[in-house]
Enquirer: 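One structure is given below, represented as structure tokens, and several questions about it will come after.
Lettering of chains follows the sequences in order, A, B, ..., and the numbering in each one begins at 1.
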Amino acid sequence: MTLPINAQNVSIVSVEKINKLSGENVKLCMQCGTCTASCPMAEEMEFYPRKVMHLSQFGLLSEMEDINTYWKCASCHSCSVRCPRGIDIAKVMEALRQLVLRTSKNYIEPSEMPAEQIKELPQIAMVAGFRKLTS
Amino acid sequence: MKISYYPGCTLKLKAKNLELAALASLQALGIDVEEMDRWNCCGAVYSLTDDDLIHHIGPVRNLVRAKERGADKLVTLCSMCYNTLARANQLMRKDQVKRDTINRFMDDEIDYAGEVEVVHFLTLLEEQVGWDTIKKKVKKPLTGLKVAPYYGCTLQRPQAVGIEPMGSFSLMTRLLEAIGATVVPFYSADKCCGSYQVLNVEAGDNDAAANVINAAASAGIEALATSCPLCEYNLGKQQDQFMAKGKITANVPTFYFTQLLGMALGVDPEVCHFELNDSKAVLLLEAKQIQVAA
Ligand code: SF4
Ligand code: SF4
């Protein structure tokens with residue numbers, strides 16, 4: 001799929017939003033792909049982390065609206081510790097999640113989780129999961 | 001030196017086997033730690049958003065409690081608690097603006113600037129006891145058990161709070177060697193088990209964890225040792241489902257390193273609560289003639 005990057009969809013405001021929330025500078029990314037290569041969840045992601053970094057550099061939030069990348073991110077920091085440009089990509093993923101969660105949208109519905117699973121899960125799984133995936 | 005102990009929520013409920021085996025081992029080693037009389041949930045994950053300070057209040061409040069009691073160190077067992085508390089501590093040490101805001105917000109508490117040191121139980125064992133002493137105190141060495149340390153993410157990343165440099169697993173390796181086990185090199189020891197993503201997939205579909213099990217099995221590893229209840233759940237408790245879905249072909253039981261330490265030090269096996277592990281864990285110990293019932 002070709003994603004057009006042009007004056008109509010590039011948004012400096014969105015780049016600033018991502019940078020402000022993450023505390024990082026996405027413009028530093030040189031598109032080497034080390035983050036994708038380090039990511040244990042990459043296989044399940046619709047766009048790989050490198051591509052998400054590229055779209056973030058142009059503030060293409062609408063192109064990233066329906067992808068699962070940042071919802072599949074496990075905040076494992078494998079990418080962050082290896083990025084040759086020193087970007088904490090885990091923080092960029094968190095910023096993208098927060099941009100959605102702060103509009104009161106949930107990615108998973110706690111009330112729909114099977115009772116059996118809730119009974120089994122360790123507490124840290126639920127606390128962490130709800131913090132990352134619900135608003 | 002005063003050492004405060006922070007257990008965290010999971011250790012009081014689902015991961016009693018991690019905590020009770022650790023406390024009994026400390027007793028056997030003659031080390032005194034005091035559980036904090038008041039503590040709250042650390043939040044399990046460190047907030048990664050730059051403008052979100054409210055989620056640092058939980059971990060910082062625990063650090064304040066430790067400082068109030070005059071503790072020099074705060075020791076934790078759960079890897080996720082360790083990471084969250086250590087990162088919050090670092091924030092309070094390094095970021096003056098955020099520190100001031102957080103201290104002002106908690107105006108009913110004493111000010112905190114990172115005075116307490118957050119340490120993981122493995123570091124405590126190395127510093128306060130030493131591997132040679134542990135070796136001397138071993139009553140039932142775990143001879144013949146081929147085990148590998150599994151650190152997962154939160155004991156090593158980010159580097160600033162890692163219990164040792166990335167790619168080095170020497171603390172747990174030296175502990176396992178001291179208790180007589182055979183340590184097998186494991187190149188997936190810091191690969192993510194999928195963490196909280198287990199909430200986001202059907203049972204048995206957490207491929208990140210299945211990949212770790214497969215890597216362990218093909219390295220000839222019989223058991224993994226961990227310090228994280230979420231790793232233990234994702235790796236240990238899901239193996240029947242992975243098997244049913246054809247994602248793994250061999251079982252690799254998962255233990256808390258404290259359970260293995262406890263067994264070697266001659267702690268009552270009942271205290272190590274192996275019934276809380278995956279059933280394959282007990283079968284493996286029995287096959288190795290390691291007594292699991294009192
Ligand atoms: S590793 Fe860093 S520089 Fe390389 S593509 Fe990823 S974010 Fe960009
Ligand atoms: S932090 Fe997220 S994006 Fe980075 S490697 Fe881990 S799962 Fe992938």
Enquirer: Relative to chain B, which segment of A:K72 carries a heavy atom at a distance below 4.5 Å: side chain, backbone, both, or neither?
Expert: both

Enquirer: Given a strict heavy-atom distance threshold of 4.5 Å, which part of A:I124 is in contact with chain B: side chain, backbone, both, or neither?
Expert: both

Enquirer: Please flag which part of B:S47 lies under 4.5 Å from any non-hydrogen atom of chain A: side chain, backbone, both or neither.
Expert: both

Enquirer: Between A:M126, A:M113, A:M93, A:E120, which residue shows the highest count of heavy-atom pairs closer than 4.5 Å to chain B?
Expert: A:E120

Enquirer: Among B:P229, B:S195, B:C9, B:A208, single out the residue with the greatest number of heavy-atom pairs under 4.5 Å to chain A.
Expert: B:P229

Enquirer: Heavy atoms only, distances under 4.5 angstrom: which of B:M80, B:H55, B:K237, B:K191 has the most pairs with chain A? Name it, please.
Expert: B:H55

Enquirer: Checking B:C78 against chain A: side chain, backbone, both or neither under 4.5 Å from a heavy atom?
Expert: side chain

Enquirer: If you draw a 6.0 Å radius around CD1 in A:I12, do more than 12 non-hydrogen atoms from other residues or ligands fall strictly inside?
Expert: no

Enquirer: By a 4.5 Å heavy-atom criterion (distance strictly below it), what part of B:C81 contacts chain A: side chain, backbone, both, or neither?
Expert: neither

Enquirer: Salt bridge between A:K91 and A:E94, side-chain N to carboxylate O under 4.0 Å?
Expert: no

Enquirer: Quick check on the interface: out of A:P122, A:G23, A:A95, who has the most heavy-atom pairs with chain B under 4.5 Å?
Expert: A:P122

Enquirer: Let me see the working for A:E43 and A:Y48 under side-chain hydrogen bond (donor to acceptor under 3.5 Å, both in side chains), right down to the final yes or no.
Expert: CA-CA 8 Å; A:E43 274 172 51; A:Y48 290 149; over 6 Å; no

Enquirer: Does a salt bridge link A:K20 with B:D51, judged by any charged N lying under 4.0 Å from a carboxylate O?
Expert: no

Enquirer: I'd like to know if B:E275 and B:K16 make a salt bridge, using a cut-off of under 4.0 Å between side-chain N and carboxylate O.
Expert: no

Enquirer: With chain A as the partner, which of B:Q197, B:K12, B:E232 has the greatest number of non-hydrogen pairs under 4.5 Å?
Expert: B:Q197

Enquirer: Between chain A and each of B:G152, B:G194, B:G43, count heavy-atom pairs under 4.5 Å; write down the option with the most.
Expert: B:G43

Enquirer: Hey, would you say the B:H56 and B:Y46 ring centroids sit under 6.0 Å apart?
Expert: yes

Enquirer: Can you classify the ring geometry of B:H120 versus B:Y82 as parallel (below 30°), tilted (30 to 60°) or perpendicular (above 60°)?
Expert: perpendicular

Enquirer: Using modelled atom types and a 3.5 Å cut-off, is there a donor and acceptor pairing between side-chain atoms of A:N106 and backbone atoms of A:E109?
Expert: no

Enquirer: Relative to chain A, which segment of B:D207 carries a heavy atom at a distance below 4.5 Å: side chain, backbone, both, or neither?
Expert: both

Enquirer: Under a 4.5 Å heavy-atom cut-off, does chain B meet the side chain of A:S22, its backbone, both or neither?
Expert: backbone

Enquirer: Is the cationic atom of A:K132 (NZ for Lys, CZ for Arg) positioned less than 6.0 Å from the six-membered ring centroid of A:Y70 and within 45 degrees of its normal?
Expert: no

Enquirer: If I measure from the heavy atoms of chain B, does A:L21 come under 4.5 Å with its side chain, its backbone, both, or neither?
Expert: both

Enquirer: Could you go through the side-chain hydrogen bond (donor to acceptor under 3.5 Å, both in side chains) check for A:E16 and A:N19 one step at a time?
Expert: CA-CA 5 Å; A:E16 278 168 3; A:N19 282 350; over 6 Å; no

Enquirer: Under 4.5 Å heavy-atom distance to chain B, tell me which part of A:S75 shows up: side chain, backbone, both or neither.
Expert: both

